[in-house]
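Protein chains get the first letters and strands the later ones, always in sequence-line order, with residue 1 at the start of each.
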Number of protein chains: 2
Amino acid sequence: MTPETGIFSPGAPIVEEGQQPTKLYRIVSGWVICRNTLLDGRTQVVSILVPGDTIGAKGLLTGSASDLVEAHQATCLQSISHARVLGLAAQDFNVAMWLLWYANQEHLRSDKWLTLLGQGNAIEKIAITLLDIYWRLSRAGLVGDGAVRVPLTQSIIGEHVGLTLPHVCRTLGILRERGGVDIRYGGVEIVDPNALRASAADLADFWEG
Amino acid sequence: MTPETGIFSPGAPIVEEGQQPTKLYRIVSGWVICRNTLLDGRTQVVSILVPGDTIGAKGLLTGSASDLVEAHQATCLQSISHARVLGLAAQDFNVAMWLLWYANQEHLRSDKWLTLLGQGNAIEKIAITLLDIYWRLSRAGLVGDGAVRVPLTQSIIGEHVGLTLPHVCRTLGILRERGGVDIRYGGVEIVDPNALRASAADLADFWEG
DNA sequence: CGGACTCTTGAGACTAATCAAACGTCGTGG
DNA sequence: CCACGACGTTTGATTAGTCTCAAGAGTCCG
């Protein structure tokens, strides 16, 4: 594999929009954010990546990156060049199948998000966003006993689910009253996933089912 | 390739939700709709497929279908079993790479839809939905000189973009006033793509860029 | 002709956006 | 140690956009 390792500071771009991507990354530690931006400034956060996730699989064959990928905190990444990945895939069918499997998983995820953005109200959108992150951190073994810190500003959460910052604030206030979260400067703490789940039961069922 | 051919009547299920899918399909003629449904009845139309599109690539390796796929009109499909596709991919690296490329394209599409649903208003959502279909029909060589018939009910359009049926109706009314579309029983006719584009310029730029 | 489905329209309620200001928190430099 | 500035959160008042509920009219098919 001979992967290389690199550190990115908060706010540092990992892949620029429209640029020719040449590497595949795996997050060792830190948080990474993928955005699409419109000419008039509207911004959609397409995905929020946590340790263990892969960056740039989408651009492996398409030749140009569609979104801007940024380190959101100090982030440690392993990288492998596209050429090497494709070489490995050509030699070993299992590698090719892993790539295909991963692409399918990503696609499944996108469809779930479509359903959330299309059908959910503000409370559901934010509750599921936090639950989704909680579940992924959990699978990565990063959830301990206490509250789980999610270092995302309300502005970023809003860009992820298509809500304005003040409305995110008010909605988080409701989720706090219900015991699901605590709100901190620069982030949110998930106190009780069950309380979040209760605020978005039907979508949570769909998410897991 | 030895594909088989089959005809599906309007409303006939092609793949059932949660079922084990065994085949990959290619649409020869007709329209196909993929939906996700929540327990409380809310429904998201995840994608609308036209001739030339592939069905079921997402379930090739994941083992279970995540959405309900239905013929929306009389539809003619070619099918190949998953086993055969994977067999071909194992023999010919190009086949494996085509599958991967296609999965990446689908993923890119999903991300565009995310941006549309997260950032667009009703007019933009519907204008882009119609433009997207127009562009895809165009690429498939199915656009002639006159108006382009899109046989989707307003209800389906609403489920695709997360708007209620009455609001879709009113919004289509605005697009009609602007000369973009004509409204027919059971469908819409795209009269002037440029008028639609003008109603959603920033998102259209993003869509094509 | 009847029935099922689709489109249209209206009034009122509600959700979320907008605009704006104040307040907290943190890092920095005097 | 304090003062400052940048950034993030909170709150309020108002407006815009969309939903809801409901009824009526159009279209197609048997």
Side-chain angles (χ1 to χ4, degrees), chain A residues 9-11 31 33 38 40-45 70 72-74 116-127 129-130 149-177 181-189 199-200, chain B residues 9-11 31 33 40-45 70 72-74 116-127 129-130 149-177 181-189 199-200 203:
Chain A
S9 329
W31 294 64
I33 292 183
L38 304 185
D40 61 7
R42 281 180 284 182
T43 295
Q44 176 72 27
V45 168
E70 254 185 25
H72 177 249
Q73 297 202 306
L116 179 65
L117 291 199
Q119 305 299 321
N121 58 28
I123 289 184
E124 290 172 323
K125 284 177 180 174
I126 292 183
T129 296
L130 294 174
R149 173 137 225 283
V150 178
L152 302 173
T153 63
Q154 299 182 3
S155 169
I156 290 175
I157 295 173
E159 288 174 349
H160 197 21
V161 295
L163 294 170
T164 55
L165 167 57
H167 202 57
V168 170
C169 181
R170 282 183 259 258
T171 306
L172 276 174
I174 295 174
L175 291 176
R176 173 174 49 192
E177 284 172 14
V181 300
D182 267 355
I183 300 171
R184 295 291 153 77
Y185 181 84
V188 175
E189 281 185 0
S199 295
Chain B
S9 328
W31 293 64
I33 291 183
D40 61 7
R42 281 179 285 181
T43 295
Q44 176 72 26
V45 168
E70 255 186 24
H72 177 248
Q73 296 200 307
L116 179 64
L117 291 199
Q119 305 300 322
N121 58 27
I123 289 184
E124 290 173 323
K125 285 178 180 174
I126 292 184
T129 296
L130 294 174
R149 173 137 224 284
V150 178
L152 302 173
T153 63
Q154 298 182 2
S155 170
I156 290 175
I157 294 173
E159 287 174 351
H160 197 21
V161 295
L163 295 170
T164 55
L165 168 56
H167 202 58
V168 171
C169 181
R170 283 183 261 258
T171 307
L172 276 174
I174 296 173
L175 293 176
R176 173 174 50 193
E177 284 171 14
V181 301
D182 268 355
I183 300 172
R184 296 291 153 75
Y185 181 83
V188 175
E189 280 186 1
S199 295
L203 273 158

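The two residues Glu189(A) and Arg149(A) have their closest heavy-atom pair at CG-CA, 4.1 Å. Here the closest non-hydrogen pair linking Gln154(B) and Cys169(B) is OE1-CB, 3.2 Å. Across every non-hydrogen atom of Ala200(B) and Ala127(B), the tightest pair is CB-CB, 4.1 Å. Shown here for Ser199(A) and Leu175(A), the closest heavy-atom pair between the two residues is OG-CD2, 3.7 Å.
Separating the CD1 atom of Ile174(B) from the C1' atom of dT9(C) is a distance of 14 Å, rounded to the nearest angstrom. Across the protein-nucleic acid pair, Glu177(A) atom CD and dT11(D) atom C1' stand 14 Å apart, rounded to whole Å. Between the CG atom of Asp182(B) and the P atom of dT8(C) there is a distance of 11 Å, rounded to whole Å. Between Ile123(B) atom CD1 and dA16(D) atom P there is a gap of 15 Å when expressed in whole angstrom units. Protein atom CG of Asn121(A) is 11 Å distant from nucleotide atom C1' of dA16(C), rounded to whole Å. As rounded to whole Å, 12 Å separates atom P of dT9(D) from atom CD1 of Ile126(A). Separating the CD atom of Gln154(B) from the C1' atom of dT18(D) is a distance of 16 Å, rounded to the nearest angstrom. Arg184(A) places its CZ atom 16 Å from the P atom of dG24(C), with the value rounded to the nearest Å.
Screening Leu172(A), Thr153(A), Leu152(A), Asp182(A) for a side-chain contact (heavy atoms from CB on, under 4.5 Å) involving Val188(A) leaves a single residue, Leu172(A).
With dT10(D), dT27(D), dC26(C) as the choices, the nucleotide that has an atom nearest any side-chain atom of Tyr185(A) turns out to be dC26(C).
Contact between the side-chain N/O atoms of Arg176(B) and the OP1/OP2 oxygens of dC7(C) is not found at any separation under 4.0 Å.
Screening residues 165-176 of chain A for side-chain hydrogen bond (donor to acceptor under 3.5 Å, both in side chains) gives no qualifying pairs among residues at least two apart or on separate chains.
Residues of residues 161-168 of chain A having a heavy atom closer than 4.0 Å to DNA chain C, listed by number: Gly162(A), Leu163(A), Thr164(A), Pro166(A), His167(A).
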Watson-Crick or G-U pairs under 3.5 Å in DNA chain D, rendered as dot-bracket with [ ] for crossing pairs and | for another strand: ||||||||||||||||||||||||||||||
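Note on Leu172(B): nothing from the nucleic acid sits closer than 4.0 angstrom, heavy atoms only.
Nearer the 5' end of DNA chain C, as judged by each residue's closest nucleotide, is the contact made by Thr153(B), out of Thr153(B) and Arg170(B).
Side-chain atoms of Glu159(B) do not come within 3.5 Å of backbone N or O of Ile156(B) as any donor-acceptor pair. Listed for the Gln119(A) side chain is no donor-acceptor partner under 3.5 Å among the backbone atoms of Gly162(B).
In this structure, Ile157(B) CD1 and His160(B) NE2 are separated by 9.5 Å, a value rounded to the nearest 0.5 Å.
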